[in-house]
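Structure first, commentary second.
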Amino acid sequence: MATTETADPTNFAAAPVNSALDAGQKTKLLSEMMRIRRFEQAALKYYNAGKMGGFLHLYIGQEAVAVGAVSLMGENDHVITAYRDHGHALAVGMGMNECMAELYGKVTGCSQGKGGSMHFFAPDKNYWGGHGIVAGQTPLGAGLAFALKYKGLKGCAMCFLGDGAINQGAYHEALNLAGLWDLPVIYVIENNGYSMGTSQKRSSAFKNCLAERADGYDIVWDLINGHDLYEVRAKLEQAVERAHNESRPTVVEIATYRYYGHSVADANAKKYRTPDEIENYKNNFDPINLWRKRLVEEGVVTEENADEIDKAAKAEADASVEFAEQSEFPTEEDITKHVYWEVDNGTDAGNTGKHFFH
Amino acid sequence: MATTETADPTNFAAAPVNSALDAGQKTKLLSEMMRIRRFEQAALKYYNAGKMGGFLHLYIGQEAVAVGAVSLMGENDHVITAYRDHGHALAVGMGMNECMAELYGKVTGCSQGKGGSMHFFAPDKNYWGGHGIVAGQTPLGAGLAFALKYKGLKGCAMCFLGDGAINQGAYHEALNLAGLWDLPVIYVIENNGYSMGTSQKRSSAFKNCLAERADGYDIVWDLINGHDLYEVRAKLEQAVERAHNESRPTVVEIATYRYYGHSVADANAKKYRTPDEIENYKNNFDPINLWRKRLVEEGVVTEENADEIDKAAKAEADASVEFAEQSEFPTEEDITKHVYWEVDNGTDAGNTGKHFFH
Amino acid sequence: MRTLPYRHALREAFDEELERDPNVFIMGEEVAEYNGAYKVTEGLWKKWGDKRLIDAPISEAGFIGLGIGASMMGLRPVMELMFFSFAYVAMDQMMNNAATCRYMSGGLLNCPIVVRGPANGGTNVGATHSHCPENIFGNMPGLKVVSPATAYDAKGLMKTAIRDNDPVYFMENTLLYGIEGEVPENADLPDGELIIPLGVADVKREGTDVSLIAHGRCVLTALEAAEQLEAEHNIKAEVVDIRSVRPLDEETILNSVKKTNRAVYIEENKPFCGVGAQVASTIQEKAFDYLDAPVMRVTSIDSPAFYSPPVEKMQLPHSAMIIEKVLAM
Amino acid sequence: MRTLPYRHALREAFDEELERDPNVFIMGEEVAEYNGAYKVTEGLWKKWGDKRLIDAPISEAGFIGLGIGASMMGLRPVMELMFFSFAYVAMDQMMNNAATCRYMSGGLLNCPIVVRGPANGGTNVGATHSHCPENIFGNMPGLKVVSPATAYDAKGLMKTAIRDNDPVYFMENTLLYGIEGEVPENADLPDGELIIPLGVADVKREGTDVSLIAHGRCVLTALEAAEQLEAEHNIKAEVVDIRSVRPLDEETILNSVKKTNRAVYIEENKPFCGVGAQVASTIQEKAFDYLDAPVMRVTSIDSPAFYSPPVEKMQLPHSAMIIEKVLAM
Ligand SMILES: Cc1ncc(C[n+]2csc(CCOP(=O)(O)OP(=O)(O)O)c2C)c(N)n1
Ligand SMILES: Cc1ncc(C[n+]2csc(CCOP(=O)(O)OP(=O)(O)O)c2C)c(N)n1
Ligand SMILES: [Mg+2]
Ligand SMILES: [Mg+2]
């Protein structure tokens, strides 16, 4: 059963969590979305220039999901996601410099060059990655929630996954544990319609939607339009409240869209999706344009303010490229660091017996 | 949504598949259930006498499920189950001798002593085991159905699993594939209320029942009382028809009960279940007693006939013990047989390169 | 000295660590109300309650993954696999999430989790329940693998494993659970408790003629063979129990071989790429000039586990196999 | 002779086998409509259609298990793992159901399935996507493991793997997909097709001074090192490509070592219990008296895969590592 309980369910701006926002906060949300997009546009440019290795999965088009969700986080709320993780990383407050440097594989990167695009982490910001194995993070998300409950903290874990990830067994095992043990975890399915080149219809058996599988575990679920920041916040807030006050899980499915291919290496991005489909979303559902328009209508910002915010975001992204370019690569000595905590910390345990065998 | 569509859904005897049964067939069903029970009672006796190794998971109390399901099988219908597999094995027509000898670990056993209690196979009887890893058989069941469809055969695969097995990811992945690809597979959840010492409520999050999770995959499901052979046949027949005519999967959850512990080694069988609970089922829901009573009422058999059938079953079981006792153990040379088909068949491939390294 | 069965020694380790650190909890199938399928956790649920001992559904990937996530947050999960063989349904969580997240984050987190359970054959439970994946997990940098042979080692290594800040996979043996061994009372110990570091091998029998190197139950098989070798062939075998597969105490192994000039590795796993292969390759590389004969290996006969009780006995390493190898050297 | 990239050679193998046997089908993520994440199956869906090329959801345990079940019924599934690393979410199906059902049934069935995909690092995809589990699957009796280095071997071994009646895990390499190699037209072949048996090593370079033994892309690294050793140090290295890990051609390996008296095993996997450990232990056991020096090993530096492009290069085996070992012998 879907669960929308605002007075006028269509008027998400009126939801308490949104009406409580002041101009500064609303503007900051715009700025964060713009920062994510500018960061990724810069990343795309230099990835194509051969400055980076591996994969680059862009979040462009989905920004309102991570920004909206993270904007609801309090001290004891945590986030974990998959490999399409730049948006969540910047939203929780990671710096563009460390993130861009990580893409460059530099030692100044957030993972000192060891993780790359798919593996941004910031435990100090309650951000637990950045995970490359589809749905592999879903039991971890349940574990974060389990730890909060075990410690008696009022918080929740938001665990993001894609529409294709719901077909991994680990997700179902995690759902059962969350439902059975009353874990304060929120599974956020970012449904951008495709898992690589495979549409939702070709990868999943479902009746009405994907979140509905939660019924089988007696878990409340909801559907959200991901292009509307107000809606994302209003509906996700209910899930956060449920986690905080009832220690119960929620599954939300957020309709969204990625403008680029699955990763930049995706040769078929325009084959399995019609150009019309892509254009239509860009023109009518771009979460940044819609939020910008909204704030202008509300008189919160002027077009000029918005342009400045965007310019600042672009400048920050360019500066992060410069930072990454100037930074050093890790050295061969760094290869065997961060394998074992006990070794890194020079403890007796780390010095007893042979740990490395090359 | 549940799907019971007989004229009077409570009068399962009147269902075509049951009204079509002649006296001989009805008697045979009684005989098969009695044979399974007598076989297992003998197995229990000699397991406790130290004649067998490993685990012995008894099916006693659940006989109507396997017998009812297998009685619906046609030429292209296949079966696969978990480790509680003696009932299904005898129901598909495996001999008591080969089965008892397998429990004894003798070379005359159905698996030549290599599989033991959990691993009875008879591909010639469309019986694909006998699997020890919980839910590990569920993707295999989908594969049997896939093969039938691929070959253009009108058949189905009945894949049995327990109430605890539904929480393995593999089952959910298999459900999605079955729903997505229209596979003629029937997942039969034998819900005996416990997974080892854990009750359904302590292991599974659910709203009304376990089969209901099928809704999330747009798969039809049904609930069945496993003590009533007519009900098992009447309702499962609908699933078989669905598989044969629509090539669509079904999930059925059959309420049943095991009289003994999870395995004979289960020290706590009477701790996590009250004696009353066990006695109540034995006295009021024993599938053999109920069927026997029914056939007597119908005038199909007399009490005397029934006793003779039971005596014959016991005699057959005793003879199988004798057979097993008299049989030889495999030899050390047998250890490396049946590892590689190519080696066993002495092909060029089997003779090229080193296959074994001890 | 006081003797305890291996399983009780483990239970004491859990009980003491549950007492010492409120972040330690035990989770697995039937570990709480049922007292453990093999009674290793018997009595702990009664004593420590629902928060510290948790029965899990049959969802190894789910609950071990949950434990890994919880360990990142500072909890210290001790996860039971009813059989270690079931690790294969949780393989991604155990090989990727537990072993690589510290690395991929540049050291921003660590996973102090213990995953434990029996990894052995010999009770006729068949091919799927008899895996010995010490080599498989040992292959993955970031993981630690322990396999104790005695009650004493089981207790001391388990306490260390729980306190270790890296993931430790602790492989036990259903055939050892009932075997008694000396385990001192804490009161009789200098530090008031039994702690054995990982990565330290133990010479369980001194000898001069050949080094029998092993881990897990095969250590007992090696000791049995050593007795016979001395009694019947006047060959003095040294028995080296590596105890922990990774980290590995190469020094003790090499010192023994430099003394005896002959080595046999004994393990229950299948031979191809087993721990014995690693140790043999290390010995010939680092003690080449000391070897009077090639390093030999004893393993299970190379097939899936055979059910038939008398045949599985023949398939598993036994002293006759060891003696034959030694006499042929 | 005609040259083809490795990926095209594989595609020819699939195309020919799809043609030959209607029971052969290809399943995996993006193998059909998308033409394969690495374009190995490009064009096959267009030619063979929905029945023979099937796009699967992201459910490796589910669809590989499905393939195993279908193979028991006589179909011949060729399953693609987009990365072989994803085998870890399908581990139970691949280690238990594919490898043990024949055994546990006393030979009543067999599983003629091929599971294939790239198992390698070097493209900076990080720790979870760079596993090389040849040793892990090779450890399990009942399984076969193949790892071809050239387009020629890839085609010939794949055709054999598909016809083999046992499960074959075929490990490719994304860095090899684009490399051209000689692959004869069928018309130019005596039997009209290219078939290479499993279990037969190939001496890719003759030499007298040291045997460089390897599999997969490391064979090319070994050849490069051999060239430099000859050019700069006048050392004539023989390069033995084992091609198939299990079954293993020990004879060719031992004959080479008996000739050169020195051996180095090169592999991309992490060292602990790698294929090189097995081969080193075998050589010292069976050619002990022929060895002038211990068998040495070259592997990746022992940590999870490093993302940073220049650093991952240093982590992976490269000719300098090999040369250093050889010169130190
Ligand atoms: C277990 C596993 N299988 C396959 C892959 C390869 N892969 C990476 S992302 C992806 C598609 C995932 O799609 P979705 O879950 O919808 O997330 P999105 O990329 O759309 O954000 C696939 C198949 C993987 N990383 N892990
Ligand atoms: C993956 C896996 N985990 C755990 C086990 C151990 N185990 C065997 S049967 C069982 C209980 C299964 O209960 P259920 O599915 O209800 O089947 P039942 O025994 O009641 O027929 C457990 C936990 C196993 N064999 N495989
Ligand atoms: Mg998607
Ligand atoms: Mg049950």
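Just so it is clear: chains get the letters A, B, ... in the order the sequence lines come, proteins before strands, and each one is counted from 1. In this text, all values refer to a predicted model and were calculated from it rather than measured experimentally.
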- Message: Would the distance check show the side chain of C:N35 and the main-chain N or O of C:G43 forming a donor-acceptor pair, the cut-off being under 3.5 Å?
- Response: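 Side chain of C:N35 to backbone of C:G43, a donor-acceptor pair under 3.5 Å: yes, one is there.
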- Task: Check for a donor-acceptor pair, side chain of C:N120 on one end and backbone N or O of C:T174 on the other, with a separation under 3.5 Å.
- Result: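 Between the backbone of C:T174 and the side chain of C:N120 there is a qualifying donor-acceptor contact (under 3.5 Å).
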- Task: Just give me the residue among C:F83, C:Y88, C:F306 that pairs up with chain B most often, heavy atom to heavy atom, under 4.5 Å.
- Result: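 Winner by heavy-atom pair count: C:F306.
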- Query: Between C:E33, C:E29, C:K39, which residue shows the highest count of heavy-atom pairs closer than 4.5 Å to chain B?
  - Reply: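 Maximum pair count with chain B is reached by C:E33.
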- Task: Inspect the surroundings of NZ in C:K325 and state if more than 12 heavy atoms from other residues, nucleotides or ligands are less than 6.0 Å away.
- Result: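 For C:K325, atom NZ is crowded (more than 12 foreign heavy atoms under 6.0 Å).
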Under 4.5 Å from a heavy atom of chain C, the part of [X] involved:
{"X": "B:I166", "answer": "neither"}
{"X": "B:F329", "answer": "side chain"}
{"X": "B:T331", "answer": "backbone"}
{"X": "B:K271", "answer": "neither"}

Part of [X] lying under 4.5 Å from any heavy atom of chain B:
{"X": "C:E60", "answer": "both"}
{"X": "C:F63", "answer": "neither"}
{"X": "C:T128", "answer": "both"}
{"X": "C:S300", "answer": "backbone"}
{"X": "C:M82", "answer": "side chain"}
{"X": "C:V89", "answer": "side chain"}

- Sorted by number, residues from residues 335-346 of chain B in contact with chain C (heavy atoms, under 4.5 Å):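 Counting heavy atoms that sit under 4.5 Å from chain C, the residues of residues 335-346 of chain B involved are B:I335, B:T336, B:V339.
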- Message: Under a 4.5 Å cutoff for heavy-atom pairs, which residue among B:R202, B:H262, B:E102, B:M118 has the most contacts with chain C?
- Response: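 Option with the top pair count is B:R202.
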- Message: For the interface with chain C, which of B:G113, B:A165, B:S111, B:A170 has the highest count of heavy-atom pairs at distances below 4.5 Å?
- Response: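 Most pairs with chain C among the choices: B:G113.
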- Message: Testing the 3.5 Å rule here: is there a donor-acceptor pair between the side chains of B:D334 and B:Q112?
- Response: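 Judged by distance alone, the side chains do not pair up.
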- Query: What is the ring orientation for C:Y34 with B:Y272, classed by angle as parallel under 30°, tilted 30 to 60°, or perpendicular over 60°?
  - Reply: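 Taking B:Y272 first and then C:Y34, their aromatic rings sit tilted (interplane angle of 30° to 60°).
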- Message: Among B:F120, B:Y83, B:F121, B:F160, which residue satisfies the ring-ring contact (aromatic ring centres under 6.0 Å, His included) criterion with B:H131?
- Response: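 Testing each of B:F120, B:Y83, B:F121, B:F160 against B:H131, the sole residue satisfying ring-ring contact (aromatic ring centres under 6.0 Å, His included) is B:F121.
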- Thinking salt bridges, do B:E325 and B:K51 make one under a 4.0 Å N-O criterion?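 The answer is yes: the pair qualifies as a salt bridge.
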